[in-house]
Structures are given as structure tokens and as C-alpha cells.
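First the proteins, then the strands, lettered A, B, ... as listed; each starts at 1.
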Amino acid sequence: ERSCIVFLLSLRKSGDVEACLHFYHHMIDVCADKVSFYSLAIVVEGLCRKGEIERAKSLMNGSSGKGIKPNVVCYNSLLGALIRNGNFADVTDMLLEMDALGLDKNVATYTLLIDGLSKRDQVADAETYFEEMMRKEVEPDLYVYTSMIDGNCKAGKMRRACNLFDECIEKGLKPNERTYGALINGLCKAGQMEAALEMLKDMQSNGVDVNQIILNSLIDGYCRKGRLDDAVKMQAIIEKKGFELDSYTYSTLASGLCKLKRTNEAKKLLFVMEEKGIKHTTVTYTAMINISCKEGDLSEAKRIFHKMQIDGVPPSAVTFNALIDGFCKEGSLKEAQTLRDEMRKKNLAADVFTYTSLIHGHCIFGKVSDGLNLFGEMLEKGVVPTIVTYTALISGLSKEGRSDEAFQLYDKMIEEGLTPD
RNA sequence: AACCACGAAUUAUCGUUC
């Protein structure tokens with residue numbers, strides 16, 4: 001089977017899952033009793049990466065009937081695909097199925113769950129799984145710690161993140177570039193640049209080299225503080241180290257410049273990127289669109305929006321949000337609505353940014369009632385308003401003299417636990 | 001015995017000349 005596994009892996013690596021599946025069936029035809037869950041797991045993972053979850057499941061069922069029992073790795077592949085699709089309802093079912101089969105979660109299962117929950121802003125649930133794995137004596141490794149540190153950083157729980165970092169060292173684990181990267185990035189986002197630089201030193205003294213990703217985090221931290229000079233210094237360090245600036249570096253710097261209203265420099269930077277032959281992504285195109293919107297050049301924004309699609313780069317919800325906001329601020333509410341419909345056609349869900357921009361636009365152009373309708377719609381869809389949403393509505397209502405409603409909304413906002421700032 | 005399957009870090013979008 002060993003040589004067959006190597007072959008299966010190479011087929012999967014080449015992206016030809018069908019051939020992989022075919023060969024797997026061939027292996028079973030020739031000598032089913034020599035095929036193990038190892039081979040099955042390789043094919044299942046291949047199918048899952050292509051999003052073919054149903055086929056992966058039926059392959060597992062079929063193999064099970066032939067005496068090849070799917071193991072936890074097969075289930076991890078399925079779980080990974082479901083989590084990528086944001087399908088947590090099925091994740092729960094899958095976990096129950098594993099339980100029923102008596103399959104225990106391994107450390108990779110816990111990493112998938114902890115990471116998936118963290119990315120959905122459910123760190124508390126991630127912590128529950130972290131506790132569960134300790135209780136079941138599945139030793140958390142660096143992957144788990146890195147996910148936990150990252151999740152807590154993103155939830156603003158920097159103390160917890162730092163404690164986890166210390167804890168993993170106490171356990172004898174050696175933080176690697178990703179572990180340091182997660183913490184340094186968290187510190188940068190929290191505006192704690194001195195602490196971030198200290199971690200960087202600590203990292204280097206522990207024999208872990210700086211890499212591009214970490215430098216990009218630091219650049220982003222400086223950009224958020226408006227310290228473009230320091231950001232550019234980091235850029236010089238990147239180049240001195242022999243790294244190339246990548247599309248992350250460029251879009252970070254461009255958005256930093258844009259926020260300082262230095263839109264010309266921002267645009268120039270993205271042109272430099274193009275000239276260097278770095279390919280545009282959804283993010284870089286969106287940054288360009290946003291820059292044009294902020295300049296009030298909506299026709300240029302639309303031109304880029306079309307260009308990206310011709311280039312085969314798909315717009316994301318963020319792309320639409322940037323454009324919608326641009327049109328709303330200009331008072332082209334009709335155009336904004338059209339984009340919203342187009343979003344729907346592309347199966348992109350309107351999020352809190354979409355609604356807040358639309359609400360704000362309607363409120364400042366004297367259509368507060370439409371704003372309230374949109375507000376009702378977002379609540380219906382389970383989109384949670386933020387302080388920004390409420391501010392737009394409340395100021396719109398007050399301006400029209402509808403102060404009773406404004407106060408009502410204010411009270412509702414307080415009830416939701418939001419504090420005015 | 002060793003080896004081979006699954007998991008972790010960076011960028012874009014909303015209010016505040018009250």
C-alpha cells in the first residue's frame with residue numbers, strides 16, 4: 001500500500017482528484033484487504049478541498065462497507081471543509097456522528113474547532129474546547145496554542161493571549177514564527193507597538209528569524225497609528241533583508257496613506273505594485289476602489305470595479321461595501337441600491353457595513369424613514385447593529401425633529417450594551 | 001523502530017468641523 005499512497009498523494013497534489021479517486025477504487029478492486037484508512041483519508045481530503053463534501057461522505061460510507069473504516073483524519077477533513085463554508089450546524093452533527101462511532105477528537109480536530117470558532121468571534125466557545133481537550137488529556141501543541149493566542153488577540157483579550165503564550169513555554173513548547181506572529185500582530189492591532197517590538201526582540205533572541213508576515217504586521221500597526229514614517233522604515237528593513245514587498249505590504253501602506261487623505265501617494269503605490277508585476281487581488285482592487293471613492297471619483301471607482309471582474313478577480317462583500325458607501329456619501333442612493341441587488345445576485349450577504357452605509361446615506365439625505373426600514377431589515381436578518389449604525393440613525397432622527405424616536409433608539413442601544421463614545 | 005494522510009500568524013469597507 002505504501003507505494004500506492006505515495007502515488008495517491010502525488011495525484012492529489014497535481015489537483016486531479018478524479019484520478020486519485022479512480023486509482024483508489026482500482027486499489028480496492030485489486031486487493032481490498034490491503035487498503036487502509038490511510039489511502040481513504042488522502043482521497044477524502046482531496047475531495048473536501050474541492051468542496052465535494054457529499055462525495056467525500058459517500059466515499060466514506062462506501063469504504064466502510066468494504067471494511068475500510070474512516071478514522072479521525074477523514075472526519076477532520078470533512079470538518080475543515082464545513083468550517084470553511086461556515087456551516088457550523090453540520091459541524092455539530094458531524095461531531096455527534098464521531099461520538100456515536102466512538103471516534104475521539106485528536107489535536108488537529110481541536111485546532112480546527114478552536115480556530116474556526118475564534119474566527120467567528122466565538123472565543124468563549126473556543127475556550128470550552130480548549131478546556132475539554134485538557135480534561136480528555138489531549139495535549140495542546142503549538143498549533144492549538146497559536147490558534148488560542150490568535151483568537152484571544154482578535155477578541156481584544158491581550159492579557160489572556162500573553163498568558164497562553166507564557167503557558168505554552170512553561171509546557172516546554174518552543175513558540176515558532178506563527179506563534180510569535182499571532183501575538184505580535186495582536187499587539188500591533190491593539191496599538192501596543194513598543195510591546196510588539198519587544199516580542200520581536202524576544203523572538204530573535206530565541207533563534208526565530210523575522211519574516212515578511214511579521215514585518216507586514218508591524219507596518220500595519222504603524223499605519224493604524226498614522227505613523228507612516230515608521231511604517232516606511234519597516235519597509236526598508238524588508239528590502240534590506242532581501243524580502244520583496246508583497247501585495248499585503250502594498251495594500252497596508254496604501255490604506256494607511258488613504259486614511260491620512262494622501263490618496264495620490266496611495267494610488268501611486270499601487271501602480272508601483274502593478275509595475276513590479278505583483279498581481280492584483282480582491283483586496284488590492286478593493287483598496288483602489290476605496291481610494292477613488294474617498295476622492296469622490298465614483299466613475300473611476302466603477303471603472304476599477306469592472307476592470308477587476310474582467311481580470312477574473314471576484315469582488316467581495318467588502319468591495320461592494322466600499323462602493324456602496326461611496327455612492328451613499330455622494331447621495332446616489334439609487335445606485336447604492338442597485339449595487340446591493342447585484343450583491344444579492346452574487347450570493348454575497350449584506351453585513352453590518354453594508355447596512356450602516358446605506359442607513360447613513362439615507363439619513364443624511366433626508367430619507368430617515370427609509371433608514372429605519374433598512375434598520376428593521378437588518379435586525380430581521382440577524383445582522384447586529386453597532387454604535388456606528390445607531391449614531392447614523394439617531395442623528396438623522398434628531399435632525400428631522402423626531403427626537404422621541406431618537407431617544408427611544410438611544411435607550412434600545414444602551415439596552416444592547418452599547419456605550420456612546 | 002523510522003517515514004507517509006487532517007489543523008495555526010499579516011492586508012481592503014461604516015458614524016465623530018456635537
Test salt bridge (charged side-chain N to carboxylate O under 4.0 Å, His left out) applied to R340(A) - qualifying residues, sequence neighbours left out: E377(A)

Under a 3.5 Å cutoff, is there a donor and acceptor pairing between the side chains of S398(A) and S395(A)? no

When we call it a touch if two heavy atoms are under 4.0 Å apart, what does A322(A) touch: a base, just sugar-phosphate, or nothing? sugar-phosphate

Pairing residues for E400(A) by the side chain to side chain contact (heavy atoms under 4.5 Å, CB included) criterion, not counting sequence neighbours: V368(A), R402(A)

I need the full list of salt bridge (charged side-chain N to carboxylate O under 4.0 Å, His left out) pairs touching residues 273-297 of chain A, with sequence neighbours left out, sorted by first then second residue. K267(A)-E295(A)

Give a yes or no on whether K157(A) atom NZ has more than 12 heavy-atom contacts from other residues, nucleotides or ligands under 6.0 Å away. no

So, with a heavy-atom separation below 4.0 Å from RNA chain B, the residues of residues 248-257 of chain A are Y248(A), S251(A), T252(A), S255(A)

Across the strands shown, which category fits T389(A) at heavy-atom distances under 4.0 angstrom: base, sugar-phosphate, nothing? nothing

Mind checking if R49(A) touches a base, just sugar-phosphate, or nothing, with heavy atoms under 4.0 Å? sugar-phosphate

Are N176(A) and T179(A) close enough that a side-chain donor and a side-chain acceptor fall under 3.5 Å? yes

Taking any atom under 4.0 angstrom from a heavy atom of chain A, which nucleotides of RNA chain B are the first and last to qualify, 5' to 3'? A2(B) to G15(B)

Residues at least two apart in sequence or cross-chain that pass ring-ring contact (aromatic ring centres under 6.0 Å, His included) with F130(A), listed by chain then number, are Y145(A)

Quick one: label K105(A) by what it contacts on the DNA or RNA (base, sugar-phosphate, nothing), any heavy atom closer than 4.0 Å. nothing

Sugar-phosphate, base or nothing in reach of V107(A), heavy atoms under 4.0 Å: base

Would one find more than 12 heavy atoms of other residues, nucleotides or ligands at under 6.0 Å from atom NZ of K34(A)? no

Return the residues of residues 176-192 of chain A meeting this criterion: a heavy atom under 4.0 Å from some atom of RNA chain B. Order them by number, or give none. N176(A), E177(A), R178(A), G181(A), A182(A), N185(A), K189(A)

Checking all strands, does A287(A) fall into the base, sugar-phosphate, or nothing category for heavy-atom contacts under 4.0 angstrom? sugar-phosphate

Can a salt bridge be assigned to the pair E54(A) and K57(A) using a cut-off of 4.0 Å between side-chain N and carboxylate O? yes

Salt bridge (charged side-chain N to carboxylate O under 4.0 Å, His left out) with R84(A): which residues, sequence neighbours excluded? none

Determine which bases of RNA chain B form Watson-Crick or G-U wobble pairs with both distances under 3.5 Å, and write the result as a 5' to 3' dot-bracket string with | for other-strand partners. ..................

Can you establish whether the number of heavy atoms outside E244(A) located under 6.0 Å from its atom CD is more than 12? no

Contacts of F7(A) meeting ring-ring contact (aromatic ring centres under 6.0 Å, His included) (sequence neighbours excluded), chain-then-number -> F23(A)

More than 12 heavy atoms of other groups within 6.0 Å of K268(A) NZ: no

Is it true that K189(A) and N185(A) share a donor-acceptor pair across their side chains at a distance under 3.5 Å? yes

Looking for any heavy atom pair under 4.0 Å, which part of the strands does R12(A) touch: base, sugar-phosphate only, or nothing? sugar-phosphate

Of residues 350-365 of chain A, the positions that come close to RNA chain B - non-hydrogen atoms, cut-off under 4.0 Å: F353(A), T356(A), S357(A), H360(A)

What contact category does K119(A) fall into here, base, sugar-phosphate, or nothing, at under 4.0 angstrom with non-hydrogen atoms? sugar-phosphate

Once ring-ring contact (aromatic ring centres under 6.0 Å, His included) is applied, what residue pairs with a partner in residues 287-307 of chain A remain, sequence neighbours excluded? F305(A)-F320(A)

Without hydrogens or angle criteria, can the side chains of S147(A) and D150(A) be said to hold a donor-acceptor pair below 3.5 Å? no

